[in-house]
K.L.:
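The structure follows.
Values below: all heavy atoms of this structure, side chains included; hydrogens, waters and symmetry mates excluded. One-based numbering, in listed order, for ligands and for the atoms of each.
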Amino acid sequence: MDTTVSNEDFLATVAEKSHGAALRGDYEKMDAHYVVQQDWDAYTEEEHALWRKLYQRQMELLPGRACDEFIDALHSMNAADGIPKFEKTSEELFKATGWRIVAVPGLIPELTFFEHLANRRFPVTVWLRKPEEFDYIVEPDVFHDYFGHVPMLFNPVFADYIQLYGKGGLKAMKLGGLDYLARLYWYTVEFGLINTPKGLRIYGAGILSSGGEVEYCLKPGTTSRHIRLDIERCLRTLYKIDTYQETYFVIDDFQQLFDGTAPDFAPIYERLKQQEALPANSLLPGEKELLQ
Ligand code: HBI
Ligand code: FE
């Protein structure tokens, strides 16, 4: 199956999705699966300094807020001194959970993205944000992808979930379930929280790689909800991309994610097509706020 859409079509659709801003990456040198080489020597000293500043800010915020699996893996990745070389981490990751890092120019078509995940390859963007984007960036950059996503792939159960998600994405595209599945990715892989004996902790990359939301998502008494993850409820729930989340879905362990994604989603998609999507700030009868 041809896994690439025409470059122009893809860039036009994603550019329109990301509010019309043209994509920043260099899509000229990619292969048929949107993979490029990471030209590590091309990074400037200013970029390595910006990486260190981002890394230090997160390490002041995350201990006691990020899940242990993230903190432990990050320490083993030695990524504090500057933009890391993907190849080195990819070898360690492969030994740990059979995953590899593939360098990409930026956002890639859903089909190609799912194909990579289904084959235990995680796409990591090669470029770093500008200093003025220190606090917020629309497109995922190397800090979001590498710092936010890669450490969790060292956890075997989470790593299996992401591969299952990739396979589900390929099926979803055939069943018209893509938008539903994108919500699941958003509310787990990007913005998920997990219950631990020490309290709620963060495992979602979108929070782990951000500034303010790290404290906000764990603060009691905000206008956001913290409710137990029910997969079908999550697939129904709309999300916003440019504010803090109005709902955080909480799991008890990563096995719950894996088990919840194992069944055939086709009947769920059929049910969902008959139902109204839920606004991001919904609270249904019987749903309990978990963060008092
Ligand atoms: N491409 N490089 C990259 N990284 C992503 O996280 C990504 C993507 N393309 C599509 C996409 N995510 C989302 O639409 C997923 O829900 C599929
Ligand atoms: Fe991401």
Side-chain angles (χ1 to χ4, degrees), residues 3-5 7 9-19 21 23-27 30-31 33-36 38 54 58 66 70 86 99-129 133 136-153 158 161-192 202-210 213-214 234-235 237-242 245 257 261 265 269:
T3 62
T4 58
V5 293
N7 197 5
D9 291 355
F10 164 66
L11 296 180
T13 47
V14 183
E16 156 233 321
K17 264 192 191 169
S18 49
H19 311 307
L23 288 176
R24 297 161 57 158
D26 174 1
Y27 289 77
M30 63 191 187
D31 71 10
H33 300 278
Y34 281 74
V35 174
V36 295
Q38 181 196 23
L54 284 161
Q58 294 315 102
F70 175 86
F86 295 177
W99 274 79
R100 285 204 168 286
I101 291 174
V102 285
V104 293
L107 286 172
I108 62 177
E110 267 114 2
L111 185 59
T112 314
F113 183 70
F114 287 131
E115 287 231 321
H116 282 307
L117 299 189
N119 291 284
R120 296 178 94 91
R121 296 188 300 262
F122 195 84
V124 177
T125 295
V126 291
W127 53 263
L128 182 69
R129 68 189 71 185
E133 296 169 304
Y136 180 72
I137 185 161
V138 180
E139 270 182 73
D141 71 336
V142 61
F143 189 76
H144 168 84
D145 281 338
Y146 185 98
F147 182 93
H149 284 288
V150 174
M152 288 309 301
L153 291 170
F158 189 83
Y161 165 66
I162 299 294
Q163 180 178 29
L164 199 58
Y165 177 86
K167 290 179 177 167
L170 294 172
K171 265 185 74 181
M173 295 189 81
K174 296 193 187 81
L175 300 169
L178 186 59
D179 287 349
Y180 301 121
L181 213 66
R183 294 170 188 166
L184 182 64
Y185 190 84
W186 188 268
Y187 280 119
T188 57
V189 181
E190 294 296 356
F191 290 93
I202 303 162
Y203 72 88
I207 311 176
L208 292 167
S209 60
S210 78
E213 195 157 6
V214 170
C234 177
L235 292 169
T237 309
L238 297 166
Y239 58 84
K240 297 202 178 134
I241 66 167
D242 42 13
Q245 298 314 304
L257 274 184
T261 321
F265 273 32
Y269 294 148

K.L.:
Check each atom of ligand 1 against the heavy atoms of L107 and keep those under 4.0 Å away; list them by number with element.
P.N.:
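It comes down to these atoms of ligand 1: 1 (N), 2 (N), 3 (C), 7 (C), 8 (C).
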
K.L.:
Parallel, tilted or perpendicular: which one describes the rings of Y165 and F114, with boundaries at 30° and 60°?
P.N.:
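Answer is tilted, since the angle falls between 30° and 60°.
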
K.L.:
For atom 15 (C) of ligand 1, which of W186, F122, F113 has the closest heavy atom?
P.N.:
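Ranked by closest heavy atom to atom 15 (C) of ligand 1, first place is F113.
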
K.L.:
Of all the N, O or S atoms in E190, which one sits nearest to the Fe ion (ligand 2)?
P.N.:
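For E190, the N/O/S atom sitting closest to the Fe ion (ligand 2) is OE2.
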
K.L.:
Is there a polar contact, in the sense of an N or O pair closer than 3.5 Å, between E190 and ligand 1?
P.N.:
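Between E190 and ligand 1, no N or O pair is found under 3.5 Å apart.
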
K.L.:
Taking all non-hydrogen atoms of both residues into account, name the closest pair between I241 and Y136 and its distance.
P.N.:
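Between these two residues, the closest heavy atoms are O-OH, 3.2 Å.
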
K.L.:
Can you tell which of V104, T112, I108, T125 gets a heavy atom nearest to atom 10 (C) of ligand 1?
P.N.:
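Ranked by closest heavy atom to atom 10 (C) of ligand 1, first place is I108.
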
K.L.:
Identify which of P123, P109, G106, A182 has a heavy atom lying nearest to atom 2 (N) of ligand 1.
P.N.:
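That would be G106.
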
K.L.:
Would you give the angle at the Fe ion (ligand 2) between H144 atom NE2 and H149 atom NE2, to the nearest 10°?
P.N.:
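Reported to 10°, the angle equals 90°.
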
K.L.:
Taking the six-membered ring of W99, is NZ or CZ of R121 closer than 6.0 Å to its centre and within 45° of its axis?
P.N.:
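Checked: cation-pi criterion not met.
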
K.L.:
Taking all atoms of both residues into account, what is the closest heavy-atom pair of M30 and P105, and its distance?
P.N.:
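So the two residues come closest at SD-CG, 4.4 Å.
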
K.L.:
Find the distance between CG (D141) and CD (E133) and round it off to the nearest 0.5 Å.
P.N.:
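That separation rounds to 7.5 Å.
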
K.L.:
Would D145 count as a contact for the Fe ion (ligand 2), in the sense that one of its N, O or S atoms lies under 2.8 Å from it?
P.N.:
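Short answer: no, not a single N, O or S atom is under the cut-off.
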
